[in-house]
Amino acid sequence: MNRGASISKLQSESFDLLIIGGGITGAGIALDATTRGLKTALVEKKDFAYGTSSRSTKLIHGGLRYLKQLEFGLVKEVGSERAVVHKLAPHLVIPEKMLLPLYEKRGLGSTLTSIGLKLYDWLAGVKPEDHRKMLTRKQTLKQEPLLNPQDVKGGAIYAEYRTDDARLTIEIIKAASSHGATVANYCEATDFIYSEDKISGVKVSDRVTGESFVVRSKVIVNAAGPWVDSLREKDKSKTEKHLHLTKGVHIVVPHSKLPVAQSIYFDVGDGRMIFAIPRGRITYIGTTDTNYSGHIDEVRTEKNDAEYLINAVNLTFTNINIELKDIESSWAGLRPLIHEEGKAASELSRKDEIFESPSGLISIAGGKLTGYRKMAERVVDLVVKRNFDEHDLKSCLTGSILLASSNFKNYDEVKSYRQTIYEKLKSYHLQHDADKLVSNFGKQCDQIISYLEKFPGLDHAVSLAEAELKFCLEKEMVITTSDFFVRRIGSLYFDLPLLKEIMLPCLQLMAAHFQWTDIKLAEEQKEMERLVAEAYQF
Ligand SMILES: Cc1cc2nc3c(=O)[nH]c(=O)nc-3n(C[C@H](O)[C@H](O)[C@H](O)COP(=O)(O)OP(=O)(O)OC[C@H]3O[C@@H](n4cnc5c(N)ncnc54)[C@H](O)[C@@H]3O)c2cc1C
């Protein structure tokens, strides 16, 4: 994960496979390809996970609602993948029971829900101890006393997993890099290079130095998420099968404003369902699903998005009255779905699809965070079939490549490691950060804690942030301050008060690390202040 070394390699060597896009899709393809034996490179125009892969609901889920759309194949695949991804990073993909309240006048009845959830468990091969449990009205209200007793007629509990999408993406990128892939962020693919009508390389602009160079590769995969069609247009291969972008927004409120006891998935009344997910000191709520035709790089939460989510919460929970001013943060992302004539945003299939162009460009779009491994497997299978002799290569290994240097055998080991970290952090008065630190970094916590000595100070939270930042600068290719605050530790979304406390010392540490001028430092600070203002200003 040394950006300078990666850029030299990109310029001087030629590759079997070059992937454009460092979201979960590109990251998954890079890890799969490099571990099969292909000489692999990946370029990302901003930071890894800058696109949709840091703006999802952050669930590793089977997509219960897709059963209503009769998408059995999709539910079976992503549902089964949950347990696999949990096994690969049990500290980061954490079991989470989901409460599904049932209502008198909206949503499916209890018989249909019970059958649906049973089917969901069966398709996904859920372990018997985690099978869905139907609840009476009394049990549901006991489980979540905030629900309206006038309205609720019962409920169900079923198994899902929660994660941090950006951290998952970055850990996959790191795994790809440690298995030999050459990866670089802030490198935008601006043009394709052709030899006899076949794509043979990509012109790349280094967004840090402003320089351009060419990367040569036998095969190019376009995994640019919402930007997939922009690249297909450059290749003149966009067909009537094209992307349909839909926007999804999440808002964040202090947990005290919506103190749900656990994650909950509830009917909104307009046929849609949304999640309320507690996470440390906050609860986040989402998502919306609306057609999007604005600028792809400028997607943001609008007032009407926030109001939709607030109304849904206030209608569902008795004695809760969230207002716009309670919103502490928010994020907005775009689903890169495949257009289907006549279908509304929330009816569009979440299935992934691969497009092959006459020039040899392979593009992939659609899909879910949860299904990244299977999507990658299909793409790499195709890359191999069209261009290489499969006998020279290994088969797909990603089901057993552990992420984040994790050698946790199971979730119980994560819990006991968390206890060890809790004890270690006591001497720094930081024990209450153990949970967050282990979820974000797994076994890499040991290295971060070893750095704490280097940052003695009266403010322990600042010392910890500096230790995390040092680790991320060394191991995770952090280039800008937002890389760190948004996609490495998530404080822009989940802990704005902390972000405000640690921002200046972290900026100074970065300035010293990169030898920034005062002007560059001021620009970085201004950009962070802009992001903070955008996240909660309505
Ligand atoms: C609101 C919302 C909620 C969701 N919730 C869930 C969920 O809970 N669970 C789940 O499983 N799925 C969920 N999804 C779906 C999931 O997040 C997406 O399917 C997935 O993140 C898409 O990843 P991607 O890598 O294809 O795209 P992206 O993450 O957008 O990655 C594409 C990358 O390509 C880069 N790029 C673009 N152009 C270029 C270029 N020219 N050169 C170099 N790089 C370029 C971009 O900067 C970007 O980082 C959700 C989606 C949304 C919008």
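We use all heavy atoms of the structure for the numbers below, so side chains are in, but hydrogens, waters and symmetry mates are not. Along the sequence shown, the residues carry numbers beginning at 1. Counting starts at 1 for both ligands and their atoms, in listed order.
- For R488 and F441, the positive end is not near the middle of the six-membered ring at less than 6.0 Å and at most 45° from its axis.
- Proximity to L334 (heavy-atom distance under 4.0 Å) selects the following atoms of ligand 1: 53 (C).
- If you check the side chains of T288 and D305, you find no donor sitting under 3.5 Å from an acceptor.
- In terms of protein heavy-atom proximity, atom 28 (P) of ligand 1 is nearest to T52 N, 3.6 Å.
- Atom numbering of ligand 1 starts at 1 in the shown order; those under 4.0 Å from a heavy atom of E44 are 33 (C), 34 (O), 35 (C), 43 (C), 44 (N), 46 (C), 47 (O), 48 (C), 49 (O).
- The option from E81, K368, R487 that lies nearest to atom 13 (C) of ligand 1, judged by heavy atoms, is K368.
- E13 has a carboxylate O that lies under 4.0 Å from a charged side-chain N of K39, or vice versa, which qualifies the two as a salt bridge.
- In this structure, the side chain of S400 engages the main chain of L397 through a donor-acceptor pair within 3.5 Å.
- Under a 4.0 Å criterion applied to the non-hydrogen atoms of V43, ligand 1 contributes the atoms 43 (C), 44 (N).
- Remark: K45 engages D297 in a salt bridge, criterion side-chain N to carboxylate O under 4.0 Å.
- Annotation for ligand 1: atoms under 4.0 Å from non-hydrogen atoms of W227 are 30 (O), 37 (C), 38 (N), 46 (C), 48 (C).
- The closest donor-acceptor contact from the side chain of T287 to the backbone of V249 lies under 3.5 Å.
- Per-residue contacts place P226 under 4.0 angstrom from the following atoms of ligand 1 (heavy atoms of the residue considered): 30 (O).
- Residue contact check: C187 has heavy atoms under 4.0 Å from atoms 43 (C) of ligand 1.
- Residue-to-ligand polar distances place L59 within reach of ligand 1: an N/O pair is separated by less than 3.5 Å.
- Only side-chain heavy atoms of H61 come within less than 4.0 Å of ligand 1; its backbone N, CA, C and O stay farther off.
- Stacking of R232 on the aromatic ring of F355 is recorded, both the 6.0 Å distance cut-off and the 45° axial limit being met.
- Geometrically, ligand 1 and D47 share no nitrogen or oxygen pair separated by less than 3.5 Å.
- Counting only heavy atoms of the protein, atom 42 (N) of ligand 1 lies nearest to A189 N, 3.0 Å.
- R350 does not count as a contact of ligand 1, since none of its heavy atoms falls under 4.0 Å from the ligand.
- In terms of protein heavy-atom proximity, atom 29 (O) of ligand 1 is closest to S53 OG, 2.5 Å.
- By the 3.5 Å distance cut-off applied to N or O atoms, T246 is not counted among the residues near ligand 1.
- Within the 4.0 Å heavy-atom criterion, the part of A223 lying near ligand 1 is the backbone and not the side chain.
- Between the side chains of Y194 and D235, a donor-acceptor pair is found at a separation under 3.5 Å.
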- Message: Please determine whether side chain to side chain contact (heavy atoms under 4.5 Å, CB included) holds for the pair I60 and L369, giving the CA-CA distance in whole Å, both sets of side-chain angles, and the decisive distance to 0.1 Å.
- Response: CA-CA 7 Å; I60 293 299; L369 192 78; 4.1 Å; yes
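- One side chain, T57 or H250, offers a donor N or O that lies under 3.5 Å from an acceptor on the other.
- In this structure a side-chain-to-backbone donor-acceptor pair under 3.5 Å is missing from R216 to G201.
- By the 4.0 Å N-to-carboxylate-O rule, E353 lies close enough to K241 to be salt-bridged with it.
- Put simply, no part of G371 is less than 4.0 Å from ligand 1, judged by heavy atoms.
- Between G367 and ligand 1, at least one N/O pair is under 3.5 Å apart.
- The one candidate from I364, T398, T40 that meets the side chain to side chain contact (heavy atoms under 4.5 Å, CB included) condition with I29 is I364.
- The aromatic rings of H244 and H339 sit parallel, their planes meeting at an angle under 30°, below the 60° perpendicular limit.
- Considering backbone and side-chain atoms together, L369 places an N or O closer than 3.5 Å to an N or O of ligand 1.
- Protein heavy atom closest to atom 32 (C) of ligand 1, with residue, atom name and distance, is A224 C, 3.4 Å.
- For the residue pair K368 / Y66, a side-chain donor-acceptor distance below 3.5 Å is found, with atom types taken as modelled.
- Atom 34 (O) of ligand 1 has its closest protein heavy atom at G21 CA, 3.2 Å.
- Heavy-atom contacts of T25 reach the following atoms of ligand 1: 23 (O), 24 (P), 25 (O), 26 (O) (cutoff under 4.0 Å).
- Among protein heavy atoms, the minimum distance from atom 43 (C) of ligand 1 is reached at K45 N, 3.2 Å.
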- Going through the distances and angles, do D164 and R279 end up as a salt bridge (Lys or Arg N to Asp or Glu O under 4.0 Å)? CA-CA 11 Å; D164 186 302; R279 181 167 162 152; 3.1 Å; yes
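- Protein heavy atom nearest atom 27 (O) of ligand 1, with residue, atom name and distance: G225 CA, 3.4 Å.
- Listed by number with element, the atoms of ligand 1 under 4.0 Å from a non-hydrogen atom of G333 are 53 (C).
- Shortest contact from atom 52 (C) of ligand 1 to any protein heavy atom: R335 CG, 3.7 Å.
- With a 4.0 Å heavy-atom cut-off, ligand 1 is reached by the side chain of T287 but not by its N, CA, C or O.
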